[in-house]
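First comes the structure, then the notes that go with it.
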Amino acid sequence: MSEALLDVRDLVVRYGPVTAVDGVSFSLAAGETLALNGPSGCGKSSTALAVLQLRRPEAGRVRFEGRELTALPERELRPLRPRMQPVFQDPYGSLSPRHRIRDAIAEPLKVQGRWHPTDGPARVAELLDRVGLDAAYGDRLPRELSGGQCQRAGIARALASDPRLLVLDEPVSSLDPSVRAGVLNLLADLQDELGLGYLFICHDRAVVRHFADRAIEMREGRVTSG
Ligand SMILES: Nc1ncnc2c1ncn2[C@@H]1O[C@H](COP(=O)(O)OP(=O)(O)OP(=O)(O)O)[C@@H](O)[C@H]1O
């Protein structure tokens, strides 16, 4: 069997006296969607932050593409970070309000030293097209986009890093029900095209059933089923 894209073992996240994640384990293959389901406060977002190493867990292992992330100092983690990208619930919150959409998408390319003035703008246009946004949206500021368009722009920015894993934390929960399906279909198409793994955090069981290959249920920091 080929190695999992992501393997999480016995993860523990504490905030002072509060144990938010209490020994969570799961694994995820490339091209697979694993949902983390459960009530508010059960530790889904804390698990996501620890997977992304945006918060270092108190205990446990996070193995990604064969590397043990929890053992790595920040300096060695930095080149791996682009390969695991978050998409958060609030589409406006993940884009700077003062930067035009094309600059927000170009930024990771520039930061990672992959920006070339000759083909960089075409790469941004291609990413906009890939998420179903007309190139003209590149000139706009986030507030000039609808919630669904803004979430698409956030996904384009995440894709600019050529990730293998997207950590989707309630990516459609703040969107109008009429645009949710469009964003979920886009994510499904991107997964088919690019073979991305999705850790999909969602409290809505109907959405989980429709969208995820597998689901695990959390309660009070622990996995209760799945
Ligand atoms: N920065 C923090 N400081 C202190 N406690 C926190 C912090 N973040 C989360 N918690 C606590 O950790 C527990 C798990 O929270 P977490 O946000 O991971 O759950 P969740 O399942 O994602 O909830 P929601 O669906 O409401 O986002 C909760 O008791 C929460 O109050």
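We count ligands from 1, going down the list as the structure has it; atoms in each ligand are counted the same way. What you see is a predicted model, and the numbers here were worked out from it, not measured in a lab. Values below: every heavy atom of this structure, side chains too, minus hydrogens, waters and symmetry copies.
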Testing Gln149, Arg102, Glu144, Arg100 one by one against Tyr137 for a side chain to side chain donor-acceptor pair (under 3.5 Å), which residue passes?
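Answer to the side chain to side chain donor-acceptor pair (under 3.5 Å) test with Tyr137 among Gln149, Arg102, Glu144, Arg100: Gln149.
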Could you tell me, for ligand 1, which of its N or O atoms are under 3.5 Å from any protein N or O, listing the pairs and their distances rounded to 0.1 Å?
unit_1: ligand 1; atom_1: 18 (O); unit_2: Ser46; atom_2: N; d: 2.9
unit_1: ligand 1; atom_1: 18 (O); unit_2: Ser46; atom_2: OG; d: 2.6
unit_1: ligand 1; atom_1: 19 (O); unit_2: Gly43; atom_2: N; d: 3.1
unit_1: ligand 1; atom_1: 21 (O); unit_2: Gly41; atom_2: N; d: 3.4
unit_1: ligand 1; atom_1: 21 (O); unit_2: Cys42; atom_2: N; d: 3.1
unit_1: ligand 1; atom_1: 21 (O); unit_2: Gly43; atom_2: N; d: 3.1
unit_1: ligand 1; atom_1: 21 (O); unit_2: Lys44; atom_2: N; d: 3.0
unit_1: ligand 1; atom_1: 21 (O); unit_2: Lys44; atom_2: NZ; d: 2.9
unit_1: ligand 1; atom_1: 22 (O); unit_2: Ser45; atom_2: N; d: 2.7
unit_1: ligand 1; atom_1: 22 (O); unit_2: Ser45; atom_2: OG; d: 2.9
unit_1: ligand 1; atom_1: 23 (O); unit_2: Gly41; atom_2: N; d: 2.7
unit_1: ligand 1; atom_1: 25 (O); unit_2: Lys44; atom_2: NZ; d: 3.0
unit_1: ligand 1; atom_1: 26 (O); unit_2: Ser40; atom_2: OG; d: 2.6

Ion pair present between [X] and [Y], side-chain N to carboxylate O less than 4.0 angstrom?
| X | Y | result |
| --- | --- | --- |
| Arg123 | Glu126 | yes |
| Asp189 | Arg152 | no |
| Arg205 | Glu217 | yes |

What is the ring orientation for Tyr198 with Phe211, classed by angle as parallel under 30°, tilted 30 to 60°, or perpendicular over 60°?
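If you compare the ring of Tyr198 with that of Phe211, the planes turn out parallel.
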Could you note down all residue pairs passing ring pair (Phe, Tyr, Trp, His ring centres under 6.0 Å) where residues 61-102 supplies at least one of them, sequence neighbours left out?
none
